[in-house]
Amino acid sequence: MQNRPHALPAGDGAQSSIAARAVGALRREAAGYLDGLNPEQRRAVETTDGPVLVLAGAGTGKTRVLTTRIAHLIATGRARPYDILAVTFTNKAAREMKTRIGALIGPAGEGMPWLGTFHAVGTKILRRHAELVGLKSDFTILGMDDQLRLMKQVLADQNVDEKRWPARALGHAIDGWKNRGLSPEQVPPGEGSAFAFGKGGALYTAYQARLATLNAVDFGDLLLLCLKLWRENPDILENYQDRFRYMLVDEYQDTNVAQYLWLRLLAQKRKNVACVGDDDQSIYGWRGAEVDNILRFEHDFPGAAVVRLERNYRSTGHILAAASGLIARNESRLGKTLRTEDALGEQVTVTGAWDSEEEARTVAESIESFQAKGHPLSEIAVLVRISAQMREIEDRFVQLGLPYRVIGGPRFYERAEIRDALAYLRVTANGSDDLAFERIVNTPKRGLGDATLQQLHGYARAERVPLLLAARRLCETDELKPRVRSTLRALTDSFARWARLVESQPHSEAAQTILEESGYTEMWQKDRSADAAGRLENLKEFVRSMEEFPDMAAFLEHVSLVMEASEAEGAERVSLMTLHAAKGLEFDTVFLPGWEDGLFPNQRALDESGRAGLEEERRLAHVGLTRARKRAKLSFAVNRRIHGLWSSTIPSRFIDELPESAVDVVEAPAHFSAGASRFDRNPQPFGSSYGTPGWQRAQANTGGNLGGNLGGGGGRSAAGRGFGASPGGRGRAGGPREIEGELIAKSTGSPSAFSAGQRVFHTKFGPGTVAGVDGNKLTVDFDKAGRKMVLDSFIQAG
DNA sequence: ATGAGACTCCAAAAT
DNA sequence: GGAGTCTCAT
């Protein structure tokens with residue numbers, strides 16, 4: 001079975017000597033890129049045939065191995081670019097691989113048609129064989145929002161109380177099944193009936209039926225339908241098995257069962273599959289990822305070569321020691337020991353704060369002092385466990401005028417204005433896209449409300465036609481009120497006109513026209529709310545980005561799979577993101593706030609998955625620490641707002657799991673005015689939380705006593721700061737934060753373009769009036785947010 | 001049909 | 001603290 005035709009062109013006797021020499025030269029030159037690899041990396045690259053598992057610890061050159069391996073396969077003539085299947089999880093990773101391969105072997109690496117995310121590759125395959133799985137090749141890929149709306153409809157159809165069984169939960173269940181590669185018939189009966197009094201399975205079936213009538217798929221289907229296609233059509237499967245002579249998988253520890261099955265089907269025949277991953281960085285279990293996939297690799301692919309990459313090129317000794325010591329507590333792991341030849345560097349610092357506001361302040365201020373010492377902001381990141389932690393930190397950044405960017409926030413295509421714009425284009429391109437139609441019939445408001453929509457639905461269902469067509473036909477009858485009829489007719493006529501427009505005009509111009517004629521752009525222009533300006537910007541960017549695609553169809557395809565915010569790169573900004581979003585990134589200095597039990601490790605992870613959950617949280621901590629090249633700064637607060645209420649917290653158990661020698665317990669810098677405002681909202685005395693062995697050591701180091709000074713306040717005593725003080729014991733002091741902001745924030749001295757009394761607009765706080773000017777720092781009375789101190793660069797004239 | 005204001009339940013992570 | 005929903009008045 002293992003015949004490998006023409007592995008090396010140079011060995012082909014029929015070739016002329018000139019060609020042979022040229023190939024030889026190519027190989028000699030190409031082989032140069034092997035030089036910089038360490039022995040393990042080299043083995044990972046050169047073990048080309050048969051199954052290979054590369055266990056690549058954090059910072060050990062994983063991407064380098066992957067790209068070099070591809071270059072190697074091509075340069076040695078084992079494969080041509082289109083013979084190689086390389087799958088990643090994110091578009092970013094795919095893009096990076098493409099560029100790096102290009103850099104290695106030049107234009108030869110271009111056009112690797114099968115390098116992409118699982119979903120992109122799946123889509124490509126499905127488009128070719130759509131009929132075989134009951135679709136038309138122009139099927140639409142639904143985003144989360146469409147999916148949710150579909151679920152709601154299904155729930156309503158089946159008379160399920162949406163209060164008790166929310167659409168989200170159904171979505172979760174169905175996603176879960178799809179992640180495990182289960183079609184509706186394959187769902188274990190017990191599980192299927194767990195949802196909505198036994199209706200779970202039926203709902204899944206109904207949902208799939210709805211998708212089918214809409215000629216649509218969701219993300220899960222992109223993989224699931226490939227499985228179906230291959231299982232039912234062995235000839236097609238074999239075709240792909242032959243086509244993909246070599247396969248590479250990035251982040252193998254994140255594959256779910258469906259992806260595993262997908263890969264196994266493809267790899268079955270040739271078994272040239274190289275999986276690269278790190279079991280210690282598996283942090284997507286909740287999304288269906290199976291660490292087992294990587295733990296079981298050698299079992300699944302007997303005779304697999306296993307290569308461990310343990311030499312870390314990123315972090316200093318102390319950071320690596322901290323991360324290694326922590327992860328060593330996990331039981332389910334293959335086991336690697338990262339080592340570095342770097343200096344020990346700075347110890348990992350641990351700092352306690354009285355509450356989350358103080359923690360945020362400390363983080364922001366120490367970033368500011370790093371900046372003052374000449375550290376570029378782009379080399380500083382703040383990594384949080386949950387996105388709800390971001391708000392307080394952002395507030396602080398805004399007040400200090402520290403430029404920051406949030407990474408992995410709401411994706412560009414998930415924003416309302418982009419989804420609306422897309423919906424217009426989707427209906428224009430495909431009049432049977434009911435979900436898109438529904439989304440925008442009454443956006444902007446046209447007076448086509450629920451009642452009208454019900455009517456449309458009724459007709460559409462009875463006549464089995466799409467909503468747009470139903471609308472058109474209903475306008476011919478007198479079933480509609482005159483007013484409704486004329487608006488509806490105007491809308492359907494517009495869509496007909498726009499469809500012609502797309503044919504006759506460059507698609508981005510057509511899109512621009514559609515957004516204007518529909519009144520959509522105008523809707524935001526009229527909107528006086530804080531974020532309208534930003535939304536118009538996004539729309540502009542949206543239209544602009546279309547130019548990069550040959551036609552509307554190509555654009556819509558791209559957009560349904562990827563579409564990320566295109567932010568100006570390289571700007572001098574602090575990065576703020578969740579730990580999950582941080583995977584794959586690195587920074588000189590990394591702040592890790594919120595190391596408190598319950599938050600991190602997250603209580604829900606513990607409740608739902610027990611020890612496995614704890615281990616995943618620990619891996620997350622390990623990921624966080626290993627993002628840092630030179631400095632890692634942990635912190636925790638003993639009081640934190642959760643759901644708007646203050647509660648006491650205790651330091652994360654992970655803190656005590658760090659090796660003592662790698663850690664330095666640091667006091668938070670002293671403050672003048674800590675802001676009395678926080679005490680009056682603190683209903684819980686400290687005594688309500690349990691003591692932790694974890695904290696005692698750190699506390700001893702700060703010279704505090706049990707339950708007493710938690711080291712956050714520097715100069716102030718615990719008692720003086722209201723430890724155990726009764727709620728509301730102190731009056732609310734008006735605006736100490738602003739005073740503080742003034743003390744801390746530096747003015748550049750350059751004169752501001754704004755003057756007192758002027759109306760201005762802030763992207764976060766909305767409209768306001770300038771109360772005072774100090775260089776480039778303004779004091780502004782915001783209409784909604786009150787008086788704040790902000791940098792004028794965040795402000796526009798209003 | 002629409003908008004304002006009250007009310008509920010919530011936030012874990014994302015292709 | 002905030003998004004989404006609900007209710008009521010216009």
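Computed from a predicted model, the values in this text were never measured in an experiment. Basis for what follows: all heavy atoms, side chains included, without hydrogens, waters or symmetry-related copies.
- With sequence neighbours excluded, the residues forming a side-chain contact (heavy atoms from CB on, under 4.5 Å) with N256(A) are N179(A), A258(A), Q259(A), listed by chain and number.
- Checking dA1(B), dG1(C), dT15(B) against every side-chain atom of F219(A), the shortest atom distance belongs to dT15(B).
- For the side-chain hydrogen bond (donor to acceptor under 3.5 Å, both in side chains) test, residues two or more places apart in sequence or in another chain that qualify with E522(A) are K526(A).
- Evaluation of the side-chain hydrogen bond (donor to acceptor under 3.5 Å, both in side chains) rule for N330(A) yields R618(A) as partners, not counting sequence neighbours.
- For the segment residues 576-586 of chain A, residues with any heavy atom less than 4.0 angstrom from an atom of DNA chain B are, sorted by number, T578(A), H580(A).
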Exercise for review: Show your reasoning for whether side-chain hydrogen bond (donor to acceptor under 3.5 Å, both in side chains) applies to S648(A) and R640(A).
Suggested key: CA-CA 6 Å; S648(A) 302; R640(A) 180 173 299 272; over 6 Å; no
If you restrict it to nitrogen or oxygen atoms, what contacts under 3.5 Å exist between nucleotides 8-10 of chain C and the protein, and what is each distance?
none

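- dA13(B) and dG4(C): their P atoms are spaced 15 Å apart (whole Å).
- For residues 437-449 of chain A, every residue pair satisfying the salt bridge (Lys or Arg N to Asp or Glu O under 4.0 Å) rule, not counting sequence neighbours, is listed here: D145(A)-R439(A), D420(A)-R439(A).
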Please list each protein N or O that sits under 3.5 Å from an N or O in nucleotides 2-5 of chain B, with the distance.
unit_1, atom_1, unit_2, atom_2, d
dT2(B), OP1, G447(A), N, 3.1
dT2(B), OP2, N442(A), ND2, 3.0

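- Nucleotide dG1(C) holds its P atom 14 Å from the CD atom of E394(A), rounded to whole Å.
- Using a distance-only test at 3.5 Å, with no hydrogens or angles considered, no donor-acceptor pair links the side chain of R180(A) to the main chain of V257(A).
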For nucleotides 7-11 of chain B, print each protein N/O atom paired with a nucleotide N/O atom at under 3.5 Å, atom names and distance only.
unit_1, atom_1, unit_2, atom_2, d
dA11(B), N7, H643(A), ND1, 3.3
dA11(B), N7, H643(A), NE2, 2.7
dA11(B), N6, H643(A), N, 3.0
dA11(B), N6, H643(A), ND1, 3.4

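- Contacts of Q259(A) with the nucleic acid, taken as non-hydrogen atoms under 4.0 Å apart, are absent.
- Between Y260(A) and Y252(A), the ring center distance fails the sub-6.0 Å criterion.
- Going from atom CG of N256(A) over to atom C1' of dA13(B) covers 15 Å, rounded to whole Å.
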Review point. After noting the C-alpha distance and the side-chain angles of D278(A) and Q253(A), does the key distance pass the side-chain hydrogen bond (donor to acceptor under 3.5 Å, both in side chains) rule?
Key: CA-CA 6 Å; D278(A) 180 0; Q253(A) 77 282 356; over 6 Å; no
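- Applying the 6.0 Å contact sphere to NZ of K481(A) captures no more than 12 heavy atoms from other residues, nucleotides or ligands.
- Applying the side-chain hydrogen bond (donor to acceptor under 3.5 Å, both in side chains) test to every pair with at least one member in residues 482-492 of chain A, sequence neighbours left out, gives these pairs: E476(A)-R489(A).
- As a whole-Å value, the separation of Q147(A) CD from dA14(B) C1' is 12 Å.
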Polar atom pairs (N or O), protein with nucleotides 2-6 of chain C, under 3.5 Å:
unit_1, atom_1, unit_2, atom_2, d
dT5(C), OP1, K152(A), NZ, 3.4
dC6(C), OP1, K163(A), NZ, 3.4

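- Of the candidate nucleotides dA14(B), dA1(B), dA13(B), dA13(B) has the atom nearest to the side chain of S387(A).
- Nucleotide dG1(C) holds its C1' atom 15 Å from the CG atom of D355(A), rounded to whole Å.
- We find that CG of N179(A) is positioned 11 Å from C1' of dA14(B), with the value rounded to whole Å.
- A 4.5 Å side-chain heavy-atom check between V382(A) and I393(A) finds at least one atom pair inside the cut-off.
- Scanning for side-chain contact (heavy atoms from CB on, under 4.5 Å) contacts around T63(A) gives T67(A), E96(A), M97(A), R100(A), with sequence neighbours left out.
- Every ring pair (Phe, Tyr, Trp, His ring centres under 6.0 Å) that Y204(A) has, sequence neighbours left out, goes to W177(A).
- Nucleic acid contact for F118(A): none, since no nucleic acid atom lies under 4.0 Å from a heavy atom of the residue.
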